[in-house]
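Report on the structure given below.
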Protein chains: 2
Amino acid sequence: MAEEYVQSLARGLAVIRAFDAVTPELTLSDVARKTDLTRAAARRFLLTLVDLGYVRTDGRLFSLSPRVLELGYAYLSSLSLPEVALPHLERLVAEVHESASVSVLDEADVVYVARVPTTRIMRVTIAIGTRFPAHCTSMGRVLLAGLSPAELDAFLAGNPLERLTPRTVTSPVALRSELDRVRAQGWAMVDQELEEGLRSIAAPIRNRAGRTIAAVNLSSHASRTTLESARRDLLPPLLATAARIEADLHAAASREATP
Amino acid sequence: MAEEYVQSLARGLAVIRAFDAVTPELTLSDVARKTDLTRAAARRFLLTLVDLGYVRTDGRLFSLSPRVLELGYAYLSSLSLPEVALPHLERLVAEVHESASVSVLDEADVVYVARVPTTRIMRVTIAIGTRFPAHCTSMGRVLLAGLSPAELDAFLAGNPLERLTPRTVTSPVALRSELDRVRAQGWAMVDQELEEGLRSIAAPIRNRAGRTIAAVNLSSHASRTTLESARRDLLPPLLATAARIEADLHAAASREATP
DNA sequence: ACTCCAATGTTCGTAATACGAACGAGAGTT
DNA sequence: AACTCTCGTTCGTATTACGAACATTGGAGT
């Protein structure tokens with residue numbers, strides 16, 4: 001490792017990540033296998049995490065405790081965006097009856113920071129913190145379109161565009177031209193490129209300087225809408241919501257500057 | 001330290017926690033001061049966290065990246081509770097126009113795992129992961145009332161009941177009898193014991209075995225409601241919501257057992 | 001019921017890791 | 001311009017965390 005690097009921290013965080021929604025309870029050996037650590041090492045990290053309150057155990061099985069949320073909490077609460085956006089998302093969902101979300105860009109992924117689901121039961125659960133590849137999501141397209149040319153070049157150079165469905169755009173050239181269109185029209189629509197049957201439409205949220213800092217979207221099953229109906233019925237309320245969030249965000253920013 | 005303990009992991013997590021909503025951007029020295037580490041140590045951990053993608057830096061200032069959410073994400077998404085509860089919270093908020101939340105107990109604190117705010121601007125921001133002392137919150141009272149006698153004894157023995165407002169119940173004896181009442185009546189009301197002007201009412205969410213696993217609440221400003229109006233207008237919808245969440249949760253649990 | 005096997009969890013001497021004192025760089029003040 | 005104070009960085013060392021080896025548990029086979 002070129003840089004100064006604390007191996008134990010990296011390994012300890014890997015232990016936290018070893019737990020997932022499918023297997024929320026793991027034995028010591030399970031953790032060792034998932035993290036490529038020796039059992040002795042896994043044990044040390046687990047005992048440390050139990051001591052710190054991040055992990056619980058009955059002696060055999062280990063699971064995450066609610067305290068792990070505090071690690072993301074500082075980030076979430078420092079971001080005024082979710083707080084500001086939520087009421088507007090509620091209103092949007094009440095109007096169009098589709099799930100609405102807000103996300104930010106992190107490396108090559110979009111990360112959900114606020115979400116209002118419809119009452120419909122959905123196949124994929126999307127919690128705060130969920131990550132999806134930017135290149136094949138509507139919010140990702142909007143966020144990528146907001147990057148500087150240099151940043152976009154770096155993104156395309158560093159990240160292969162993985163094919164997740166037959167419709168996924170995987171050519172950098174094609175994505176570039178799609179991003180040009182998104183930038184020009186001010187919104188993005190993605191049709192079943194992330195997952196079969198999933199269609200979504202997104203709009204940017206910009207700061208005062210005009211830089212895209214987040215995206216808001218509506219997503220629905222392909223069976224419920226056509227591309228035209230989405231554009232006709234969902235786009236106008238979505239754009240109005242994005243504008244309202246932006247306005248509130250700018251107002252909140254001024255309030256902070258001059259309290 | 002009696003147990004096997006990885007110091008570097010504990011220190012590294014402390015570095016993550018050094019960031020908060022008030023000061024989301026810190027210099028290396030700021031972090032060192034906040035964590036009681038030497039600057040050299042703080043530097044090692046920060047560089048490691050930058051390398052792992054959990055922290056961003058412009059060279060001078062450090063801040064958390066959205067990736068920190070992934071540490072809490074596994075916990076959140078393994079918990080079916082927020083997913084199940086959210087639609088019911090939405091409905092409740094639409095009906096009574098007060099903010100609704102769901103929390104679980106962790107050590108001596110309640111931890112918010114789902115929340116639907118009203119459009120009203122509030123003084124205190126409550127994000128997912130926010131912690132409050134259990135003894136002086138309505139959800140905390142409901143959760144403490146659901147503990148076994150032995151667990152409650154351990155709680156009272158291990159945690160001094162801090163006075164946060166003049167009204168906070170700080171005597172273990174008084175709290176015990178209040179918890180008895182809460183257990184008998186099936187809900188809790190707390191009037192400005194956490195913060196002046198804040199009044200809230202909570203109900204338990206139980207698993208099939210009858211154990212209280214979470215609490216749902218409504219909170220409002222003392223100026224907007226009286227104790228009687230809260231009990232008359234808020235309690236019935238709150239109890240109905242708790243019942244609906246419980247029913248859905250039990251249904252989801254059976255679906256999981258026999259897919 | 002007993003033995004054996006395979007997996008799990010734990011111990012402890014060692015070497016690599018992370019430690020912090022000492023150093024150097026940079027900004028603000030007199 | 002010289003000084004000072006705080007910041008970030010380096011590097012030899014001692015402590016920390018490492019994992020091979022050992023102990024323990026649970027289950028399959030006879």
Side-chain angles (χ1 to χ4, degrees), chain A residues 1-20 22-65 67-68 71 74-75 78, chain B residues 1-20 22-65 67-68 71 74-75 78:
Chain A
M1 200 68 47
E3 333 186 22
E4 291 225 49
Y5 197 76
V6 182
Q7 189 191 53
S8 302
L9 175 55
R11 290 179 165 188
L13 291 172
V15 167
I16 294 180
R17 273 174 305 178
F19 296 88
D20 59 35
V22 186
T23 52
E25 295 196 310
L26 299 170
T27 65
L28 192 159
S29 296
D30 291 338
V31 171
R33 264 188 299 273
K34 279 208 167 189
T35 54
D36 284 314
L37 294 171
T38 60
R39 290 194 301 282
R43 181 168 179 268
R44 282 194 297 276
F45 291 117
L46 284 170
L47 291 180
T48 304
L49 290 169
V50 168
D51 194 84
L52 294 171
Y54 292 109
V55 168
R56 288 170 175 175
T57 180
D58 62 353
R60 188 162 320 193
L61 290 168
F62 294 84
S63 60
L64 295 178
S65 99
R67 190 173 285 271
V68 294
L71 297 171
Y75 171 76
S78 72
Chain B
M1 199 69 45
E3 331 187 20
E4 292 225 46
Y5 197 77
V6 182
Q7 190 192 52
S8 302
L9 175 53
R11 289 179 166 188
L13 292 172
V15 167
I16 294 180
R17 274 174 307 180
F19 296 88
D20 59 33
V22 185
T23 51
E25 296 195 310
L26 298 170
T27 65
L28 193 161
S29 296
D30 291 338
V31 171
R33 264 188 300 272
K34 277 208 168 188
T35 52
D36 283 314
L37 294 171
T38 60
R39 290 193 301 280
R43 181 169 179 267
R44 281 194 296 278
F45 291 116
L46 285 169
L47 291 180
T48 303
L49 289 169
V50 168
D51 194 83
L52 294 170
Y54 292 109
V55 168
R56 288 170 174 175
T57 180
D58 61 353
R60 189 163 318 196
L61 289 169
F62 294 84
S63 60
L64 295 178
S65 100
R67 190 173 285 270
V68 294
L71 297 171
Y75 170 77
S78 72

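Both backbone and side-chain heavy atoms feed into the values below; hydrogens, waters and symmetry mates do not. So you know, we letter chains A, B, ... as the sequences are listed, proteins then strands, and number each from 1.
Side-chain contact of A:Asp51 with A:Thr48: a donor-acceptor pair under 3.5 Å is absent, judged by distance alone.
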Practice problem: Begin from the C-alpha positions of B:Leu13 and A:Tyr54 and carry the test side chain to side chain contact (heavy atoms under 4.5 Å, CB included) through to its verdict. | Solution: CA-CA 10 Å; B:Leu13 292 172; A:Tyr54 292 109; 3.7 Å; yes

Exercise. Could you walk me through whether B:Val55 and B:Val50 pass the side chain to side chain contact (heavy atoms under 4.5 Å, CB included) test, one step at a time?
Key: CA-CA 5 Å; B:Val55 168; B:Val50 168; 3.8 Å; yes

Exercise. For the pair B:Tyr5 and A:Leu52, evaluate side chain to side chain contact (heavy atoms under 4.5 Å, CB included) and give the outcome as yes or no after the intermediate values.
Key: CA-CA 10 Å; B:Tyr5 197 77; A:Leu52 294 171; 3.2 Å; yes

Quiz item: What do the steps show when you test A:Phe62 against A:Thr27 for side chain to side chain contact (heavy atoms under 4.5 Å, CB included), and what is the final call?
Solution: CA-CA 6 Å; A:Phe62 294 84; A:Thr27 65; 5.7 Å; no

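Between the CG atom of B:Leu47 and the P atom of D:dG8 there is a distance of 11 Å, given to the nearest Å. Rounding to whole angstrom units, CG of residue A:Asp58 and P of C:dT8 are separated by 16 Å. In this structure, A:Arg43 places its CZ atom 18 Å from P of D:dC22, rounding to the nearest Å. Rounded to an integer number of Å, the gap from OH of B:Tyr5 to C1' of D:dC18 is 18 Å. Following rounding to the nearest Å, A:Leu9 (CG) and D:dC18 (P) show an atom-to-atom distance of 12 Å. One can place CG of A:Leu26 at 15 Å from C1' of C:dT8, the figure rounded to the nearest angstrom. Atom CG of B:Leu46 and atom C1' of D:dT9 are 14 Å apart (whole Å).
In this model, the phosphate group of C:dC19 is approached by a side-chain N or O of B:Arg11 to a distance below 4.0 Å at OP1 or OP2. Taking 4.0 angstrom as the limit, B:Ser8 places a side-chain polar atom (N or O) nearer than this to OP1 or OP2 of C:dC19. Applying the 4.0 Å criterion to OP1 and OP2 of C:dT8, one finds that A:Arg33 has a side-chain N or O inside that range. The side chain of A:Gln7 places an N or O atom within less than 4.0 Å of a non-bridging phosphate oxygen (OP1 or OP2) of D:dC18.
Position along DNA chain C of the nearest nucleotide to B:Arg44 versus B:Arg39 favours B:Arg44 as the more 5'-ward residue. Toward the 5′ end of DNA chain D lies the nearest nucleotide of B:Gly59, the other residue of the pair B:Val6 and B:Gly59 mapping further downstream. Closest-nucleotide positions on DNA chain C for A:Leu28 and B:Phe45 were compared, and the one nearer the 5' end corresponds to A:Leu28.
Summary of helix geometry: the two end axes of the helix from C:dA1-D:dT30 to C:dC23-D:dG8, each defined by five base pairs via their C1' atoms, are inclined to each other by 40° (rounded to 10°).
Salt bridge absent: A:Asp30 and A:Arg39 never bring a charged side-chain N and a carboxylate O closer than 4.0 Å.
Of all nucleotides listed (D:dG8, C:dG9, D:dA17), C:dG9 comes nearest to the side chain of A:Ser29. When each of C:dA21, D:dG19, D:dG26 is scored by its nearest atom to the side-chain atoms of A:Arg60, the top-ranked nucleotide is D:dG26.
In this structure the side chain of A:Val15 reaches within 4.5 angstrom of the side chain of A:Leu37, judged on heavy atoms.
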